[in-house]
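Below is one structure, written out as structure tokens; the observations come after it.
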Amino acid sequence: MEAARDGLLVVGGSYAGMQVAASARAGGYAEPIRILSDESQPPYNRPPLSKGFLVGKIDLGALPLRGDAFYPDNAIELELGTRAASIDRASRRVTTEDGRHIGYERLVLAVGSRPRPLPWEGSDLAGVVALRTLADALQLRELLGEVATAVVVGGGFIGLEVASALTALGKQVTVIEAQSRLLARAATPPLAEYVAGVHRRRGVTLALDATVRRLIGDGQGRVRAVETGDGRRLAADLVIAGIGVVPNVELARQAGLACDDGILVDDHGRTADPSIFAAGECTRHPNDHAVGGSARLESVQHALDQAKAVGATLAGQPTRYGAVPWFWSDQHDFKLQIAGLAQDAERHVVRGDPASGRFSVFHFRSNALISVDSINRPAEHLLARKLLGARAAVTPEEAGDTGFNLASHLATG
Amino acid sequence: MPTVTYVETDGTERRVDVPNGTSLMLGAVKNNIRGIDAECGGACSCATCHIYVDPSWLGRLSPVDDMEDEMLQGCAAVRLPESRLSCQIEVQPGLDGLVVRVPDRQY
């Protein structure tokens, strides 16, 4: 048995885990820091996995979040291939799956999420993939050589990015989406319409209001077709599921920490146990920008910003997490950037001309600006983040008037 | 392999080798240059890999495209004529000896 050791133990080696460790150290945390990661690679960039990495524009060497020397230089011990099995809060130690006990003074759960299990008959066939990790992406890249026809299940960001990448590689792609529009969870109708138009022009077939009944094999264990809920049969050498993720709350729940679609934390990332924090996609946290004041967010920005607050707090500078949520997606030839959360938006005002391929959609709830989607308008996106952060009183009329200088709301005075 | 000097905010000069074809952003990340956050990993989406290029080198770089130009408008630190996003500059043999400065902030 390993002796209990003081210090910070971070479970999870992706954006949030890396950033908690980095920010704690940068903030002056002087005790040992150890990251346990169940992956075989040091923390890496995930967004390219559904985009540039798939088409071969970004190689493995470009994926790490930090250079190899970063961890030893900052006295951060990075232990790969190790999964935490349980937490003993009374004795403040974590037991790993291989039976070791690791003590902690402070514990951070940065355990992320995993793809929602695929519910269909035939989900275990070869050629059926859910994309989350580098291992998934490598497997997918390996399969691509033999693929002529692919079906993407789920018209969310991952699904549409993969559809875009596969189309660029010359594959026939059909996207199956259960809702009547794309990006139903994250985007509003004017934007969804634009996105659908681009995908269709690029040759992607969109099957909206469609569900999957089962996946059909070729008799040798490989997927061959997707049968839809209304009985259509779509040929598929490859099925990629982008049907959402579930937060990895099991470790926390087994330790008796409160969870509700995410590990419950306060605005400093603290759980009810003063020794245990959580950060990243696995948390449900107070969020000023969310309806009801609470959110579980799935984005790089959220993982990094919440982790910075937790890291600083651990280093003795209590820091509240209150950043404006933002997100981006690259598909075909457009860059989509979203600032804020458009939940329950009542009014959508388009700024600019969608036909030009450069415009933003401003979303209002109770006449307050809550979110801005920008297509190929990065300056407007960055401005939107500042406007939302300042709670600027932008009116729908101003948003729709390209002659009005929105930055004037930020002038001090 | 071209050598690039990154001048960190506190004046520390870090002289590192960056392979041809690699972005200045990735060269910074791999060598743990302080102050280049590159949150989006090089997708030209976050404006946190802002650098100031030594003016004598400006003419040898690929020009700023519309997207980069717009992102630079929203950078946290002051935009100067020599401002660039380091993710948009690919290191080439002709850039051996390049000097860039890291701005005081990226947020």
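Below, chains carry the letters A, B, ... as their sequence lines are ordered, and counting in each starts from 1.
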| query | Tell me, side chain or backbone of A:Leu383 under 4.5 Å from chain B's heavy atoms, or both, or neither? | reply | neither

| query | How many angstroms lie between CG in B:Asp37 and CD in A:Gln19, if you round to the nearest 0.5 Å? | reply | 8.0 Å

| message | Whether the side chain of A:Gln337 engages the backbone of B:Ser45 through a donor-acceptor N/O pair (distance < 3.5 Å, no angle test) should be reported. | response | yes

| request: Return the option, out of A:Asn376, A:Asp330, A:Asp59, with the maximum number of heavy-atom pairs under 4.5 Å with chain B. | output: A:Asn376

| request: With a 4.5 Å heavy-atom cut-off (strictly below), which parts of residues 14-26 of chain B touch chain A? List them by number. | output: B:Leu26

| Heavy-atom pair count under 4.5 Å with chain B, highest-scoring of A:Gly61, A:Ala26, A:Pro64 | A:Gly61

| said: If the contact rule is any heavy atom under 4.5 Å from chain B, which residues of residues 45-55 of chain A qualify, in numerical order? | reply: A:Asn45

| message | Does atom CG (A:Asp68) have a neighbourhood of more than 12 heavy atoms from anything else shown, all under 6.0 Å? | response | no

| Taking all atoms of both residues into account, what is the closest heavy-atom pair of B:Ala47 and A:Leu382, and its distance? | CB-CD1, 4.1 Å

| query | Is a salt bridge present between A:Arg358 and B:Glu70, judged by a nitrogen-to-oxygen distance below 4.0 Å? | reply | yes

| remark: On a heavy-atom basis, the closest approach of A:Lys335 and B:Ala43 is NZ-O, 2.7 Å

| If you count heavy-atom pairs under 4.5 Å with chain B, which of A:Gln301, A:Glu380, A:Lys308 comes out on top? | A:Lys308

| said: Could you tell me if the side chain of B:Cys46 sits less than 4.5 Å from the side chain of A:Trp328, heavy atoms only? | reply: no

| Nearest heavy-atom neighbours spanning A:Leu65 and B:Val29 | O-CG1, 3.3 Å

